[in-house]
Amino acid sequence: MRDLVRSIRAAGLRPDDPRWGAGLRGLFEAAQERPLADDDLQQLTAGSLSLIERAVHRELVIPDFPRLRSEVEELFEAARSIEDGAVATYIPQLARVDPAQWGLGLCTIDGQRFVLGDALERFCVQSTCKPINYCVALETSGEDVVHRHIGHEPSGQGFNELSLNDEGLPHNPMINAGGIMACALVGSGKPASERFDEVVGQWARLTGGVRPGFDNAVYQSERKTADRNFALGYFMREHGAFPAGTDLLETLEFYFQCCSLELDCDAFAVVAATLANGGVCPVTEERVLSPDTVRACLSMMESCGMYDFSGEWAFTVGLPAKSGVSGVILVVVPNTLGFAVWSPRLDEHGNSVRGVAFCKELVARYNFHQFDNLVGCRHGKRDPRREPFAEVEGLCAELLWAAKNGDLHRIRRLEARGVDLASADYDGRTALHLAYAEGRQQIVDYLLARGVPTDVRDRFGRTPAEGA
Ligand code: GLU
């Protein structure tokens, strides 16, 4: 029983996971102190059986979670030694932050989680409010309306540049002009208090129940130092970019408030994982955003989320991400996991120096870059994800079919995808068995040259050559 609890925890599922009943949380605690009985097991599994089974049988998206955790920890600790860059100084609240802090939170689409370093320290979300506000705007106003007021093209300019696209609109939702515009679109027409509640409520659903805090000092400072944002607001108003009836000052205030929300890496990771999971929060299983909204948001993060480093980021890291001047980077590995790294020292683009270095190392180790999985693309990177059973089965069947039909080209393609040339069907027959049986000499020669075993017996007791 204690072993069961231990393996659930090793899989990265936490006692505070909202998917467990309150009873299970108690049992997790009890398991620390005493051996648990069979009755406990009944209670433990009620309602969460399939999740527990998947965890124990290593069927969650990252089957070997302890290994991922220890490898990520190694990269995290290596990045700690980087002390380049400088904290943002445009407001005193950021200038005063301890620059040595370094935290990471990670959450998979199955809700497997861990945190490292200063992951439980709260900091202001800053620009990472932009993808969230963009999502809320899409959900409340629809894509057509939103993109009547915001473009979806990288600007090729600084994040707060006083510039609009040819139609007089913000270039995209990830720069300041677009962030302000998204604020105008969130619950437009409603009182400011309700719009703020709407955004906070959305963050709380994305985090699986953690309500962001509000740093009033940051808000006051943002407001005081916002000449450029005011200028952007008036510039957009001059171009008639806002929806009819927009109260500009209220919209700007709302934008500063959104930047001043605060959260820690642990909760941020769940936000990223919700995006990775197509809008369903992994730990509550609540659908928070529609898949179309998430698709739009990830596309924008992918092309515009990292300030003037976005193109370079898409090339080297190849993952949707959003960075903020507090030193946070929110990163999404679609269909797998999300994580947040936080370290206040920034590079010349405004991105966390450690955060960027860590992400580069992460994609050097795992095949997470979105184009790492192109056919034939092999650079010895590890894939920590579980191959879906149906996919493995399907590829094996395709291999055998290709061997039977003498389709060498297809066999080569499958091999490039990492399919094991020695795999067998339910009768124990391998590609080599079929190639011999059908007299496909070219395939036989190829498979032998690739070193597939020649002594495996099928269900009828025959080796490949004996079936020729
Ligand atoms: N509060 C900042 C501004 O609007 C956003 C900073 C950021 O990009 O994270 O200027």
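We count ligands from 1, going down the list as the structure has it; atoms in each ligand are counted the same way.
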Note: ligand 1 atoms sitting under 4.0 Å from heavy atoms of Phe159 are 8 (O)
Does CD in Gln157 sit with more than 12 non-hydrogen atoms of other residues, nucleotides or ligands closer than 6.0 Å? yes
Using heavy atoms and a 4.0 Å limit, tell me yes or no: is Tyr307 in contact with ligand 1? yes
Tyr307 ring center near Phe159 ring center (under 6.0 Å): yes
Regarding ligand 1, does Ser323 bring an N or O atom to under 3.5 Å of one of the ligand's N or O atoms? no
Under a 4.0 angstrom heavy-atom cut-off, which atoms of ligand 1 come close to Gly324? 9 (O)
Salt-bridge contact Asp215-Arg122 (side-chain N to carboxylate O under 4.0 Å): no
Tell me the protein heavy atom at minimum distance from atom 5 (C) of ligand 1, and give that distance in Å. Gln126 OE1, 3.4 Å
In terms of side-chain geometry, is the basic nitrogen of Glu74 or Arg69 positioned less than 4.0 Å from the acidic oxygen of its partner? no
Does only the side chain of Cys259 get under 4.0 Å from ligand 1, or the backbone, or both, or neither? Count heavy atoms. side chain
Answer side chain, backbone, both or neither: which part of Asn160 comes under 4.0 Å from ligand 1, heavy atoms only. neither
With heavy atoms of Glu222 as the reference, note each atom of ligand 1 found under 4.0 Å away. 1 (N), 2 (C)
Could you check whether any heavy atom of Asn176 sits closer than 4.0 Å to an atom of ligand 1, since that is the contact criterion I want to use? yes
Enumerate the atoms of ligand 1 whose separation from the nearest heavy atom of Tyr255 is less than 4.0 angstrom. 3 (C), 4 (O), 5 (C)
Start with the C-alpha distance between Ser141 and His149, add both sets of side-chain angles, then the distance that settles side-chain hydrogen bond (donor to acceptor under 3.5 Å, both in side chains), and finish with yes or no. CA-CA 11 Å; Ser141 304; His149 299 278; over 6 Å; no
Indicate the ring-plane relationship of Phe123 and Phe268, choosing parallel, tilted or perpendicular according to the 30° and 60° boundaries. parallel
Using atom types as modelled and distance alone, determine if a side-chain donor or acceptor of Trp102 lies under 3.5 Å from a backbone N or O of Phe76. yes
By number and element, which atoms of ligand 1 are closer than 4.0 Å to a non-hydrogen atom of Tyr90? 1 (N), 2 (C)
Output yes when a side-chain donor or acceptor of Arg195 lies under 3.5 Å from a complementary backbone atom of Cys183, and no otherwise. yes
Using a plain distance cutoff, I'd like to know if Val325 has any nitrogen or oxygen under 3.5 Å from a nitrogen or oxygen of ligand 1. yes
